[in-house]
Amino acid sequence: MNTAILLAAGSGRRMSGALADKVLAPLHGGLPSLGLCMRAFARSGCVGRIVVAYRDAEQLAQIDALAADLVPGIPLVRVQGGAERADSVLAALETIPDDGGLAFVHDAARPLVEPSDIRKLEALAMRLGAAAVARPVTDTIKRAFPAEARSAQKLEDVPRASLRAMETPQVFPVSLLRSAYRAARERGLRVTDDAAAAALLDVHPALLDPGHPNPKLTGPEDIAWVNFLLSRTSEQEPKVPQDDKPPFRIGHGYDIHRFAQGRRLVLGGVEIPHTRGLEGHSDADCLCHALADAVLGAAGLPDIGHYYPPGRPETKDMDSLDIVRGAVAKAAALGLRVGNADISLVAQEPKVAGHIPAMKE
């Protein structure tokens, strides 16, 4: 299961009191920066868990209220942040189980992260091992050398073609990133982003240029710019009718497995006594696989091969009911719920009529 780590424990000193809490103060449209980040990750369909690193007890009630409104289908974990960003990230990583998932680490003060970028990062990380948002530097960059007060400084040009301004989200396997931050702490190193920590283990991310601004709320001058960008974004968003019912969607899933000797036969989450099972990397429960693909398809998300790729150790002999649970959770994060499912099984053997009630359960 993938996890979003949202960092909200910063002191906000550079905001100079312009916002009481830069990640929880309402912005254009009424939502705070942390709420906009929560909503983007929920809409992406890429995470099944959110961990918020908070600063103090005053934030907790607001954080819980935001999660209840914006991500009702995704479990929320709250963890006390630390004095430095690295302390907060490691504290969050220590709460995540070793289930083979990815960690999306994001600064909660960057409210313009888009679901489409989160999905692109997930695809890059699954294909290449790690990914991060990085923006090409377009300004002329010079290195200034120390000089006496009120005197001209010597400047040296720095070639900008290879320079990148690192942003978030940054995405790494949970276990790897946890090891990297532990290594940084043990060596007494101060790392300011996740790519720097991962580099200690010689792991480097693929870079994604989002092509749109996602500034960080750092100083008072950022507030007007962020609100302007949010106003432009809200003008472009399609207007969805507001009612108490989610949109009606239909998804179709199909799966086929051949018989194999020495395997358990699992169908619809039920183990059925038989001389052979089904061939596959997981438990090969084709009914659960078809159902999960139908749910993901209705939600407009990639299929189970994207989220649970075959051939990986963490999906070996996986219980396919967990795949269904993951698909339902991803749909719930988008405000959708399963109404009913009609499943057709095509098989010459075995007889399954007596097992149908257990499958339904």
Side-chain angles (χ1 to χ4, degrees), residues 1-12 15 18-82 85 88-89 91-93 95-96 103-119 121 167-170 214-218 222-223 226-227 229-231 233-234 237 239-240 242-244 246 299 328-337:
M1 179 187 296
N2 296 339
T3 302
I5 297 175
L6 302 180
L7 303 175
S11 64
M15 193 55 71
L19 292 176
D21 188 325
K22 67 179 181 180
V23 299
L24 288 173
L27 299 172
H28 177 86
L31 283 178
S33 184
L34 177 59
L36 291 164
C37 295
M38 285 182 173
R39 187 175 69 179
F41 276 96
R43 288 181 173 179
S44 75
C46 294
V47 301
R49 181 192 300 113
I50 293 177
V51 180
V52 177
Y54 67 92
R55 182 181 64 251
D56 52 43
E58 294 181 8
Q59 291 182 314
L60 290 180
Q62 295 182 68
I63 290 171
D64 288 344
L66 284 172
D69 289 341
L70 298 173
V71 292
I74 300 181
L76 176 73
V77 178
R78 304 170 302 169
V79 61
Q80 178 83 53
R85 183 186 188 276
S88 296
V89 177
L93 288 166
T95 71
I96 305 173
F104 293 73
V105 185
H106 184 62
D107 297 325
R110 290 190 186 273
L112 279 91
V113 58
E114 294 188 358
S116 58
D117 292 331
I118 297 169
R119 288 191 284 268
L121 287 167
E167 297 183 2
T168 62
Q170 297 186 17
N214 185 17
K216 187 176 180 180
L217 285 165
T218 301
D222 299 318
I223 301 171
V226 166
N227 279 326
L229 292 171
L230 285 170
S231 70
T233 301
S234 62
E237 285 185 350
K239 299 299 182 282
V240 179
Q242 299 298 310
D243 55 37
D244 60 353
V328 171
K330 292 179 188 300
L334 300 175
L336 300 168
R337 58 179 173 80

Do you know which two heavy atoms are closest between Arg110 and Cys37, and how far apart they sit? O-SG, 3.2 Å
Residue set satisfying side chain to side chain contact (heavy atoms under 4.5 Å, CB included) with Ala67, at least two apart, ordered chain then number -> Met38, Val71, Leu76
Using modelled atom types and a 3.5 Å cut-off, is there a donor and acceptor pairing between side-chain atoms of Ser33 and backbone atoms of Ala108? yes
Quick one: does Val105's side chain get under 4.5 Å of Thr168's, heavy atoms only? no
Side chain to side chain contact (heavy atoms under 4.5 Å, CB included) with Ala332: which residues, sequence neighbours excluded? none
Would you check, one step at a time, whether the test side chain to side chain contact (heavy atoms under 4.5 Å, CB included) holds for Leu230 with Leu112? CA-CA 7 Å; Leu230 285 170; Leu112 279 91; 4.2 Å; yes
Could you tell me which residues satisfy side-chain hydrogen bond (donor to acceptor under 3.5 Å, both in side chains) with Ser44, sequence neighbours excluded, listed by chain and number? none
With Ser88 via side-chain hydrogen bond (donor to acceptor under 3.5 Å, both in side chains) - residues at least two apart: none
Measuring from atom CG of Leu24 to atom CG of Leu34, what distance do you get when rounded to the nearest 0.5 angstrom? 5.5 Å
To the closest 0.5 Å, what do you measure between CG (Asn2) and CD1 (Ile50)? 12.0 Å
Hits for side-chain hydrogen bond (donor to acceptor under 3.5 Å, both in side chains) against Asn227, two or more places apart or cross-chain, chain-then-number order -> none
So do the side chains of Pro32 and Val23 get within less than 4.5 Å of each other, counting heavy atoms only? no
Check each of Leu217, Leu36, Asn214 against Val226 using the side-chain contact (heavy atoms from CB on, under 4.5 Å) test, and report the only one that passes. Leu217
For the residue pair Leu93 and Ala103, what are the closest heavy atoms and their distance? CD2-CB, 4.1 Å
Side chain to side chain, His106 and Ile5, heavy atoms closer than 4.5 Å: no
Checking Thr3, Val113, Val47 against Phe104 for side-chain contact (heavy atoms from CB on, under 4.5 Å), the one that qualifies is Val47
Tell me, do Pro169 and Phe41 make a side-chain contact under 4.5 Å, heavy atoms counted? yes
Across all chains, not counting sequence neighbours, the side-chain hydrogen bond (donor to acceptor under 3.5 Å, both in side chains) partners of Asp21 are Arg55, Gln59
Show me the pairs that pass side chain to side chain donor-acceptor pair (under 3.5 Å) and involve residues 63-72, at least two apart or across chains. Asp64-Arg78
Under the rule for salt bridge (Lys or Arg N to Asp or Glu O under 4.0 Å), what residues qualify as partners of Asp56, not counting sequence neighbours? none
Can you check whether Leu70's main-chain N or O pairs, donor with acceptor, with Arg39's side chain at less than 3.5 Å? no
Taking only Lys NZ, Arg NE, NH1 and NH2, and the carboxylate oxygens of Asp or Glu, determine whether Lys216 and Asp107 approach each other closer than 4.0 Å. yes
So how far is it from Ile118 CD1 to Arg43 CZ, rounded to the nearest 0.5 Å? 11.0 Å
Might you work through the side chain to side chain contact (heavy atoms under 4.5 Å, CB included) test for Val77 and Val52, ending with a clear yes or no? CA-CA 6 Å; Val77 178; Val52 177; over 6 Å; no
Among all residues two or more places apart in sequence or in another chain, which pass the side chain to side chain contact (heavy atoms under 4.5 Å, CB included) test with Asp117? Glu114, Lys120, Leu208, Pro210, His212
Contacts of type salt bridge (Lys or Arg N to Asp or Glu O under 4.0 Å), residue Arg119, not counting sequence neighbours: none
Specify the closest pair of heavy atoms between Gly48 and Pro75, including all atoms of both residues, with the distance to one decimal. O-CD, 3.1 Å
